[in-house]
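Indexing begins at 1, ligand by ligand and atom by atom, following the structure's order.
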Amino acid sequence: MSAIERDVVIIGAGASGLTAATKLRAAGLSVAVLEARDRVGGRLWTNHIDGAMLELGGQWVSPDQTALLATLEELGLDTYSRYREGDSVYVDAEGVRTRFTGDIFPVAESTAAEMERLITLLDELVEQVGVTEPWAHARAKEYDRISWSAWLAEQTDDVEARDNIALFIAAAMLTKPSHSFSLLQALLMAASAGSFTHLVEADFILDKRVVGGLQQVPIKLAEALGEDVHLSNPVRRLEWSEDGVSAEADNVTVNARYAIVAVPPNLYSRIDFQPPLPRLSHQMHQHMSLGLVIKVHAVYETPFWREDGLSATAFSPYELVHEAYDNTNHEDPRGTLVGFVSDERADEVFKLSAEERRERILTSLSHYYGEQALSPVVYYESDWGSEEWTRGAYAASFDLGGLSRYGAMQSTPVGPIYWSTSDLAAEGYQHVDGAIRKGADTAEAIIARHQA
Ligand code: FAD
């Protein structure tokens, strides 16, 4: 086992850790990045499955994600628009399929009016609560005490309106059941994207993709860091004092002045901190957990839905696959659909055999696109819950009451140890943009302390 000396050791070669390492090095500090996996990128992973290029993790970029857009520009990466010509599809509680355009689902006029009213109300609450310190709002505790589903039930008796509004945060973003997190947590999720309206606008939130895949961001950052990135080196133990840290990985130990733990919070306890972290950290970390979603990829010889005038954008709070899109790669003659199965529905289908699960999922896709959806040439399920170094998707959120109780402390360094991940971000929370912002902010904080 070799031991090396650096100014900063970064644990985790995801977008956040690599951004921090890049900024620190640019400021003249020496770094070493220790990564558990045999690849960089963490929740960004572009892979080839049965001859199809698939983005198994994060992929979309929206116009508000200015930190990510700036990084793409710096790295010389090109983007392209998600295919969105034609009608979207909605399936109601009775299984009736309707084509529509725009963002409001084709529901009864009274339901549509309720949805619009709730969206306006939520936009106002998001504006009041803000993104940087939702826990500091005068009504934060009140908003953090009520679940998202209970709050929606208080607002309207229109079940379809609230099922649809619940979807935008629960199944589609936090990937947890709507009774398991608070209104305050929901408002933070919307605030991090600029407004609740932005979450409803698929053309905004799922605007662009990167030619060749979003994992190129961490790959290019890591290439520039060269030998300072150590793959297949999970950090098992982190000794620390006010004077510095010693990070023990499988093949290397890094002695440094500071550490950045750039892993999702559900994995903090995989590291043996010595001395142990303070009581507050121990408690706080137990209230942050990842959601669960299966990202389903189905590749067809052609994007057959386009001939039918469909964009492939599809939603239903009543379907196993609650949302799906055209995910055809740049200049690819084959057509790819991507769909998502979240939280308790994912639990249900994971009880089935792989064949039965595939059949259930493809049947759900066929409710949106017809029988041709049943026969893809390539089919794959991204299962991040089984990934040892992630354990869920997309990212972490607090349980009921956790955000107001602990949010203010979530990023506070412990001695020389800093925390950096999309799961702790304000703008871009849970997204690559947030990972990059958090990495840059953490680097800045260390640089300022180092120079003081
Ligand atoms: P991670 O990417 O999780 O990086 C943490 C790294 O730490 C990993 O490489 C891990 O292996 C490593 N690690 C963990 N423990 C240790 C240890 N003990 N020692 C050493 N290394 C360790 N975001 C978007 O912006 N757009 C999207 O379309 C989008 N879709 C998504 C779809 C899916 C299926 C998933 C899973 C995520 C999606 N996201 C999306 C979210 C986005 O991918 C993440 O928010 C972001 O990539 C997180 O980056 P990070 O650096 O904070 O954490």
Practice problem: Name all residues meeting the ring-ring contact (aromatic ring centres under 6.0 Å, His included) criterion together with Phe350; count only those two or more places apart in sequence or in a different chain, and write none if there are none. | Solution: none
Self-check item: Residue list, ring-ring contact (aromatic ring centres under 6.0 Å, His included) with His179, at least two apart or on another chain
Solution: none
Quiz item: Considering residues at least two apart in sequence or located in another chain, which fulfil the ring-ring contact (aromatic ring centres under 6.0 Å, His included) criterion with His198?
Solution: Phe204
Per-pair distances, ligand 1 N/O vs protein N/O, less than 3.5 Å:
{"residue": "ligand 1", "atom": "2 (O)", "partner": "Arg43", "partner atom": "N", "Å": "2.8"}
{"residue": "ligand 1", "atom": "3 (O)", "partner": "Arg43", "partner atom": "NE", "Å": "2.8"}
{"residue": "ligand 1", "atom": "3 (O)", "partner": "Arg43", "partner atom": "NH2", "Å": "3.2"}
{"residue": "ligand 1", "atom": "9 (O)", "partner": "Glu35", "partner atom": "OE1", "Å": "2.7"}
{"residue": "ligand 1", "atom": "9 (O)", "partner": "Glu35", "partner atom": "OE2", "Å": "3.1"}
{"residue": "ligand 1", "atom": "9 (O)", "partner": "Gly42", "partner atom": "N", "Å": "3.4"}
{"residue": "ligand 1", "atom": "11 (O)", "partner": "Glu35", "partner atom": "OE2", "Å": "2.6"}
{"residue": "ligand 1", "atom": "11 (O)", "partner": "Arg37", "partner atom": "NH1", "Å": "2.9"}
{"residue": "ligand 1", "atom": "18 (N)", "partner": "Val235", "partner atom": "O", "Å": "3.2"}
{"residue": "ligand 1", "atom": "19 (N)", "partner": "Val235", "partner atom": "N", "Å": "2.9"}
{"residue": "ligand 1", "atom": "21 (N)", "partner": "Ala36", "partner atom": "N", "Å": "3.1"}
{"residue": "ligand 1", "atom": "25 (O)", "partner": "Val432", "partner atom": "N", "Å": "3.0"}
{"residue": "ligand 1", "atom": "26 (N)", "partner": "Trp60", "partner atom": "O", "Å": "3.1"}
{"residue": "ligand 1", "atom": "28 (O)", "partner": "Gln59", "partner atom": "N", "Å": "3.1"}
{"residue": "ligand 1", "atom": "28 (O)", "partner": "Trp60", "partner atom": "N", "Å": "2.9"}
{"residue": "ligand 1", "atom": "43 (O)", "partner": "Arg43", "partner atom": "O", "Å": "3.4"}
{"residue": "ligand 1", "atom": "45 (O)", "partner": "Ser422", "partner atom": "OG", "Å": "2.7"}
{"residue": "ligand 1", "atom": "45 (O)", "partner": "Gln430", "partner atom": "O", "Å": "3.0"}
{"residue": "ligand 1", "atom": "51 (O)", "partner": "Ala15", "partner atom": "N", "Å": "3.1"}
{"residue": "ligand 1", "atom": "51 (O)", "partner": "Ser16", "partner atom": "N", "Å": "2.9"}
{"residue": "ligand 1", "atom": "52 (O)", "partner": "Thr421", "partner atom": "OG1", "Å": "2.7"}
{"residue": "ligand 1", "atom": "52 (O)", "partner": "Ser422", "partner atom": "N", "Å": "2.9"}
{"residue": "ligand 1", "atom": "53 (O)", "partner": "Arg43", "partner atom": "NH2", "Å": "3.1"}

Practice problem: Is it possible for you to check whether Arg39 lies under 6.0 Å from the centre of the six-membered ring of Trp45, through NZ or CZ, and within 45° of that ring's axis? | Solution: yes
Practice problem: Is it possible for you to check whether Arg358 lies under 6.0 Å from the centre of the six-membered ring of Tyr379, through NZ or CZ, and within 45° of that ring's axis? | Solution: yes
Practice problem: Using only heavy-atom distances, determine whether the side chains of Tyr429 and Arg437 contain a donor-acceptor pair under 3.5 Å. | Solution: no
